[in-house]
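Atom set for the values below is all heavy atoms of this structure, side chains included, hydrogens, waters and symmetry mates excluded. Not measured: the values here are computed from a predicted model.
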Amino acid sequence: MKCNFTLLLFLLSFAVFAQQDAWVYFNGKPNSQTFLANPQTELSQKALDRRTAQNIALDVTDAPVETSYINQITASTGITVKAQSKWLNALHIQGTQANINALKTLSFVSKIEFADKTLNTTGKKVSEAKTNQTHKKLETTIDYAYGTSANQIQMLNGQVLHQQNYTGEGKIIAVLDAGFPGVNTAQPFENLRNNNRILGGYDYTNRNANFYTGGDHGTLVLSTMGGYKENSLIGTAPNASYYLFITEIDALENPLEESLWVEAAEKADALGVDIITTSLGYFGDRDEPRYNHTYSDMNGITNFISRGAEIAFSKGILVLASAGNEGTRTEKHIGSPGDAVSVLTVGSVTATRDRSSFSSIGPSYDGRIKPEIMAQGTASVVSSTTGAIGTANGTSFSCPIMAGMAASLWQAFPTKTNKQIRQMILASSDRFTTPDNNYGYGIPNFGTALSVDDFIAEVSFSVYPNPAKTSVTFSFLNENNIASVTIYSVLGQKLIEEKINNSNPVVSLQSLQSGLYFYSFDADNLHKTGKIIKQ
């Protein structure tokens, strides 16, 4: 008994005095009205223009964290502030359990959330962050010397966009990764450097402006989008512009990385970025197992990074994340932020369109289709830090390949919102009507044999999932974004009649028995009828 008691006392002492990672959340933002009166103190004109173009209002999440709150936390005994998030109105802190819990006495503290979930005995449940289209098509087509990188582009039919000079020009992509050495010197990045397409970046892990350092993973990732070496490697968005942010700590697996990611995403938003792509994912394998996530956390609303990613999408940014490379492990499911509801999570296929064995699978813990889409991640063609062209495996590469194509598509349809671009990509995918949790909705088709005009006509209306269990979504693109849906029995009896819009295009089927039904859809001049199978 004495030995057992001594061990127990040691463990209790360790839990109390060991350094812990945690998030402290605040009540409100006293400075929010000051920000709203002068938003350019926080947001660039590009960021404001993106909000205006997508009819997204500024709100309190855009205001900075109250400085006096930060100062009081910093001055608290034994507390170190490691990162901050205005979107989540929180600080990432480190300290002992006792010192962190002592912050609860501060009147402006809403709650404390320990990264070690066993220490969270109480607390509130985290909530989920909640026109006419014209484009000019160039008549001249351009042939690109893709070399060995041809397959990863042609699998997505991306060459059709490139041939019409839609190569990401005018779109800004933020890459959140581990490091970018060689991007400032290697030949495949000359096109980006010579045309001032590297707009800047930051190393959040070391808190300095040298982002041409760190691990080479980000360099390989960037090369699949922005690389340009004729007859060897041409990226999917060689003429897009890029911000490069280091958020991954190579020597450490710690919850702080998720907070740095959110901080970088907030900066990307402030700079007016259109797309965030990240080939980072968080689940298990932490240096300290107490910080590991579990499958039950993969619901889109539990993990700090996933909540941040969802808010990024709500600001008009298209967010893409790699699914993960756990497909051959016991725990095969996608990680965060890929579990976030609006994030396009990208899995991997081989050159012959078969799912890569390593590609993580779905569903999310709450039953949503994940990953959503697939691209080549087996033997993806990449550039090293020295400019040598080779291949690499992983959803780390299928994700940016997809992000570059999304930028090229958005260039072709510049007045589309991020929600519409996301839906266009999904609706073009080859398994859209029969998705599963290995391939999601499948491999997108970013063009047709003729032009992008055919592409938009092809994906202007869709109904999914079908068969459906609880609800069905009607995806449509029309001027007023309002539609009427009626569902009938096989005998013609009207069972459901609802008005929907593009912000909420979902019709519940909970009141229906399993079986076959017919629908009628009407929106402006668009009239569609079809069948729905309720499982």
Determine, stepwise, if the pair His92 / Leu256 fulfils side chain to side chain contact (heavy atoms under 4.5 Å, CB included). CA-CA 7 Å; His92 186 119; Leu256 175 59; 3.9 Å; yes

What verdict does the side chain to side chain contact (heavy atoms under 4.5 Å, CB included) test give for Ser408 and Phe446, after you've listed the backbone C-alpha separation in whole Å, the side-chain angles of each residue and the deciding distance to 0.1 Å? CA-CA 9 Å; Ser408 297; Phe446 281 89; over 6 Å; no

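Checking side-chain atoms of Ser348 against main-chain N and O of Thr395 turns up no donor-acceptor pair under 3.5 Å. A donor-acceptor contact shorter than 3.5 Å links the side chain of Asn292 to the backbone of Arg286.
A donor-acceptor contact closer than 3.5 angstrom is absent between the side chains of Asn418 and Gln420. For the residue pair Ser356 / Thr350, no side-chain donor-acceptor distance below 3.5 Å is found, with atom types taken as modelled. Counted by atom type alone, Glu263 and Tyr202 present zero donor-acceptor pairs between their side chains at under 3.5 Å. Checked by atom type, the side-chain pair Asp339/Ser336 shows a donor-acceptor distance below 3.5 Å. No hydrogens or angles considered: nothing links the side chains of Glu248 and Thr205 as a donor-acceptor pair under 3.5 Å. For the 3.5 Å distance criterion, the side chains of Asn303 and Glu258 fail to qualify, holding no donor opposite an acceptor. Side-chain polar atoms of Gln45 and Gln40 form a donor-acceptor pair below 3.5 angstrom. Of the N and O atoms on the side chains of Tyr464 and Gln423, at least one donor lies less than 3.5 Å from an acceptor on the other residue. Counted by atom type alone, Asp366 and Asn299 present zero donor-acceptor pairs between their side chains at under 3.5 Å. Side chain to side chain, Gln20 and Arg290 meet the donor-acceptor criterion of an N or O pair below 3.5 Å. Side chain to side chain, Lys315 and Thr61 meet the donor-acceptor criterion of an N or O pair below 3.5 Å. Side chains of Tyr144 and Gln159: no donor on one and acceptor on the other come within 3.5 Å. Side chains of Gln54 and Thr417: a donor-acceptor N/O pair is absent below 3.5 angstrom, by distance only. If you check the side chains of Tyr146 and His162, you find a donor sitting under 3.5 Å from an acceptor.
Counting non-hydrogen atoms of neighbouring residues, nucleotides and ligands closer than 6.0 angstrom, the CG atom of Asn194 exceeds 12 such neighbours. In Lys332, the NZ atom is crowded: over 12 heavy atoms of neighbouring residues, nucleotides or ligands sit closer than 6.0 Å.
Residue pairs meeting the ring pair (Phe, Tyr, Trp, His ring centres under 6.0 Å) criterion with at least one member in residues 254-280, sequence neighbours excluded, do not occur.
Between Tyr441 and Phe432, the ring-plane angle classifies as tilted under the 30° and 60° cut-offs.
A search for side chain to side chain donor-acceptor pair (under 3.5 Å) contacts involving Ser396 returns His217, not counting sequence neighbours. Remark: Asp177 engages no residue in a salt bridge (Lys or Arg N to Asp or Glu O under 4.0 Å) (not counting sequence neighbours). By the ring-ring contact (aromatic ring centres under 6.0 Å, His included) test, His293 is found to be paired with no residue, residues two or more places apart in sequence or in another chain being considered. When the ring-ring contact (aromatic ring centres under 6.0 Å, His included) test is applied to Tyr243, no partner is found at least two apart in sequence or on another chain. Listed by chain and number, the residues in a ring-ring contact (aromatic ring centres under 6.0 Å, His included) with Trp87 amount to none (sequence neighbours excluded).
When ring centroids are compared, Tyr212 and Phe180 stay outside the 6.0 Å threshold.
In this structure, OG in Ser428 is found 8.0 Å from CD1 in Ile373, a value given to the nearest 0.5 Å.
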